[in-house]
Amino acid sequence: MVLVLPVLFLGTVAFADNLLTNADFKQSKPGDPDFGWTLDLAKGQKSECTVVEGHRPGTTALRLYNDELGASYVSQEIKVQPWRWYVAEVWVNSEGMAAFDFAPCISLEGGRVVNGGRFHNDTFEWPKKGWRCVHVIAHSADQDHITLKMGGGGISGGGGGWSGELLFSEPVVRECSIVEAASYYPSVSNRHPSLFGLRPNAERGDEWGYVFQRGDVCRVAPGFPNPLYIIGRMNEQAPEARVSLALPPGVRFRMCQDRKITATVSEMPNGFQRVELPPRANALVVDTTLKPGEEAVGYVQFEWKGGFQCPVPVHFKGIALPQVVPPKRTMVTLGIAGATVYQWNDDKAAMVRAFRRFGFNHLEIWGGDPRGLHRDGMYGATAFGGGFYGDPEKYPEAVAITIDGKPSREGLISPSYRGPALQPFIDRVKHYATMSSALTLDDEVYGCSATSPTIGFHPRTIERWNQWVAEHEPDLAGVDPHVFARQPHKYRKHYDAWLRFRCDLVAERYAILRDVFHQAVAESGVKTTERTMLGAYIGGGPLVGLHSNKALAPALDYVANMVYDDAAGVRKEVARLAPLTGKKLVIAISPGYQMSPPGDARSAVLEAVMGGAQGVIAWGYYMGATAGHLADIADAVKMFGPVEEIILDGVIQHGYTCDRASVNLLARKHGNATVLLVSDYSVSPGRVLVSVPGDKPLSVIDLYTRQKVAQLTRQRRGFHVELKRDFTARLYYLRAEEVG
């Protein structure tokens, strides 16, 4: 995801450094030959490009406008030097637009594009307010020209696009260093700048590929099967292709997580261990003798006959294996694959003991049977992809109709459909009810994403809409959905009601599955959790996410919103979601996949629980989480577990302040006790002075160290907190003291 900076004044680079022509849009008019920008406007509707006032006084902006759903862009080809890094920074304002799944798009094309050219995480704010500065980077590779493209278009099946206006101001494209390029992408993934090397044969354009470690550091604990993830882009057709991994002293290969893969392992004279793997993403398990805080560096490269990738460092850091007690009420779940037990030599009891010491009280197996987990002392749940797709040939009446009157290309079932095409989903729910008393349906795409609103135009759905709007919003009746859905910026109230209606239809379907599941569990007598539960993963999508939570909560036992891209958004999202779900919210995070700040899952867990969620699901242990990520969660459990009664039953207490604007303070009070969260997601967290309201004597206990850190009196109402980049959140217990 592109880094979106706060709306502060950022001194842009002097125009002398800007490679763009007519970057202030003051030369000529849009569409003129000497304007400098190529226009690609949506056809068949009122689409225009004009110049208006910019984001600061005295500046100008380019205004793209679509009267109906469309895709419009402006672009400029830029002369560059081969094998250099370039950054585009553009001020964007999208508050005058509206769309189904719109994301303003800024990209640098022609060289090697670094993924993340769209900024789409305007979660629950549709449209986003104000101006934002967006950075996008690219490597020119062997090209001498790249193209800056700005605009947007829909991706939904049938009739995607956007309507309204989109503003771009003060665009700059300039050369930058790899250090600056890397700073825009703090989470290491396949978009990390350092991974873009030379082609093995530039004349032929060969790109056999490269590999790298997922995550900045693999934190490893002695006595634990430590996951290590080596991923990348590899061409398996490369001659004699292989991934070569050199493990440093203190780290040794144990196994591949996939038991079908055989690695070639040999000891090297310098104390390193060489591991050769097939050319694919490899999930490994390593043992370690590194002491807490001790570091070691290995190397990985992609090799083939006649060439190789330059070795890339693989960093390890030793940590202590934690031992915390799982909470009694708060749901702390780890999502695993059925094959995860292989890391413990197929010993489920050993795996359960290992995960319990990190504070987990639930394990969720993707498509698996959790009964063995429950026998070994862990609550067990099952999850599977529950998106509603049907057979368009067998059940043509079930297929959703798009806004342009065509059947859904993906075979999505219409949200208003209630016929036999749903039977396979009902049967699957019944099947899992024979082995698990908790089931999560993964419906993050269909349930609340922007795909859904474009597929509600079956005559049956329109008839249901007419009934719904007459009952819930009679003042909005009489406008054809085809009209307001094509011009949502002109019919915001209608479109907002349309989203609520769509979510109500989806909730109806979930209610059917919940009743089926509860009845089937009662008949099977299976018990893997304290109570029978059917929940759903739903995406952290735009405004429809709010409606989904409100609509789905009565139909489900828990609602698991996915908060993946930016942990800093947890506090905002949870604060708005939790009240809508009636205490059914369970936040899903992915600590090893896309988590910011890197390596610190404590903040996401603490923000979620303090914000009103009844728990968290750390999803994707088999997709990037290491022992260090689990240890972060263990730290969070260590802090909130002993005071969970105060957090879950307490009310928010206001009046707390601090001397850093980037810090989130959230206090919950129950009786005479208060728990206070201090959390900072800024680039450079540090010393924070917290001021506590009131005048009663209070002891301040650090719930991480269990030490008393301050004694507050009538005169002294503040205490200091030290936060670090990899430890950005702390909990404090404020206890009333007797006077005299």
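As the structure is a prediction and not an experimental result, all values here were calculated from the model.
There is a side-chain donor-acceptor pair under 3.5 Å between T728 and D600. No hydrogens or angles considered: nothing links the side chains of Q273 and S266 as a donor-acceptor pair under 3.5 Å. T434 and S524 are not linked by any side-chain donor-acceptor pair at a separation below 3.5 angstrom, with hydrogens and angles left out of the test. If you check the side chains of T529 and S437, you find a donor sitting under 3.5 Å from an acceptor. Residues S679 and E607 have side chains that bring a donor and an acceptor to within less than 3.5 angstrom of each other.
Contact annotation: the side chain of M331 never approaches that of V616 to less than 4.5 Å [non-hydrogen atoms, C-beta and beyond]. With contacts defined as side-chain heavy-atom distances shorter than 4.5 Å, the pair R242/P279 does not qualify. Using a 4.5 Å cut-off on side-chain heavy atoms (C-beta onward), F316 and L247 make contact. A heavy-atom distance below 4.5 Å is not found between the side chains of N561 and Y537. Counting heavy atoms from C-beta on, the side chains of I589 and W619 never come closer than 4.5 Å. The side-chain heavy atoms of L534 and L441, taken from C-beta on, include a pair separated by under 4.5 Å. Looking only at side-chain heavy atoms (C-beta outward), S436 and D369 stay at 4.5 Å or farther from each other.
For R357, there are no salt bridge (charged side-chain N to carboxylate O under 4.0 Å, His left out) partners, not counting sequence neighbours. Evaluation of the ring pair (Phe, Tyr, Trp, His ring centres under 6.0 Å) rule for F302 yields W304 as partners, not counting sequence neighbours. In this structure, T382 has no side chain to side chain donor-acceptor pair (under 3.5 Å) partners at least two apart in sequence or on a different chain. The salt bridge (charged side-chain N to carboxylate O under 4.0 Å, His left out) test applied to E267 returns R252, not counting sequence neighbours. In this structure, the side chain to side chain donor-acceptor pair (under 3.5 Å) partners of H518, at least two apart in sequence or on a different chain, are D557. For the ring pair (Phe, Tyr, Trp, His ring centres under 6.0 Å) test, no residue two or more places apart in sequence or in another chain qualifies with Y299. F727 pairs by the ring pair (Phe, Tyr, Trp, His ring centres under 6.0 Å) definition with Y704, not counting sequence neighbours. For the side chain to side chain donor-acceptor pair (under 3.5 Å) test, no residue two or more places apart in sequence or in another chain qualifies with E295. Taking R375 as the reference, nothing meets the salt bridge (charged side-chain N to carboxylate O under 4.0 Å, His left out) condition, with sequence neighbours excluded. Contacts of D635 classified as side chain to side chain donor-acceptor pair (under 3.5 Å), with partners at least two apart in sequence or in another chain: R602.
Once rounded to the nearest 0.5 Å, the distance linking CE of M255 with CD1 of I261 reads 13.0 Å. Expressed to the nearest 0.5 Å, how far OG of S603 lies from CE of M610 amounts to 13.0 Å. Separation of atoms OG1 (T532) and CZ (F517) is listed at 6.5 Å; rounding is to 0.5 Å. Atom CG of L648 sits about 8.0 Å away from atom CZ of F640, to the nearest 0.5 Å.
In the displayed structure, E530 atom CD is contacted under 6.0 Å by at most 12 heavy atoms of other residues, nucleotides or ligands. Open room surrounds NZ on K317; 12 or fewer heavy atoms of other groups in view lie less than 6.0 Å from it. Other residues, nucleotides and ligands contribute over 12 non-hydrogen atoms within 6.0 Å of the CZ atom of F253.
The two residues Q301 and F308 have their closest heavy-atom pair at NE2-CD1, 3.8 Å. Across all non-hydrogen atoms, the minimal contact from A551 to A507 is O-CB, 3.3 Å. Of all heavy-atom pairs spanning L439 and Y558, the tightest one is O-OH, 3.6 Å. Nearest heavy-atom pair, R219 versus I319, reported as atom, atom and distance to 0.1 Å: CB-CG2, 3.9 Å. Among all heavy-atom pairs drawn from P292 and A320, the shortest one is CG-N, 3.8 Å. Here the shortest heavy-atom pairing between V243 and P278 reads CG2-O, 3.7 Å.
For the side chain to side chain contact (heavy atoms under 4.5 Å, CB included) with V251, the qualifying choice from D287, T289, L290 is L290, the only one to do so.
Residue pairs satisfying the side-chain hydrogen bond (donor to acceptor under 3.5 Å, both in side chains) criterion with at least one member in residues 332-345, sequence neighbours excluded, are listed as follows: Q257-Q343.
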Could you give me the CA-CA distance, side-chain angles and deciding distance for Q423 and D427, then say whether side chain to side chain donor-acceptor pair (under 3.5 Å) is met? CA-CA 6 Å; Q423 192 61 44; D427 292 341; 2.8 Å; yes
Got a list of side-chain donor-acceptor pairs under 3.5 Å for residues 222-232, not counting sequence neighbours?
from	atom 1	to	atom 2	distance (Å)
N226	OD1	A221	N	2.8
N226	ND2	A221	O	3.1
N226	ND2	F224	O	2.8
N226	ND2	V286	O	3.2
Y229	OH	Y621	O	2.6

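Ion pairing of R329 with E644 is absent here, as no side-chain N (NZ or NE/NH1/NH2) approaches a carboxylate O to less than 4.0 Å. Between D346 and R259 a salt bridge is recorded (basic side-chain N to carboxylate O distance below 4.0 Å). One finds no salt bridge joining E508 and R514 here, because no Lys/Arg side-chain nitrogen approaches an Asp/Glu carboxylate oxygen to under 4.0 Å.
Below 30°, between 30° and 60°, or above 60°: for F384 and Y432 the angle between ring planes is below 30°, a parallel geometry.
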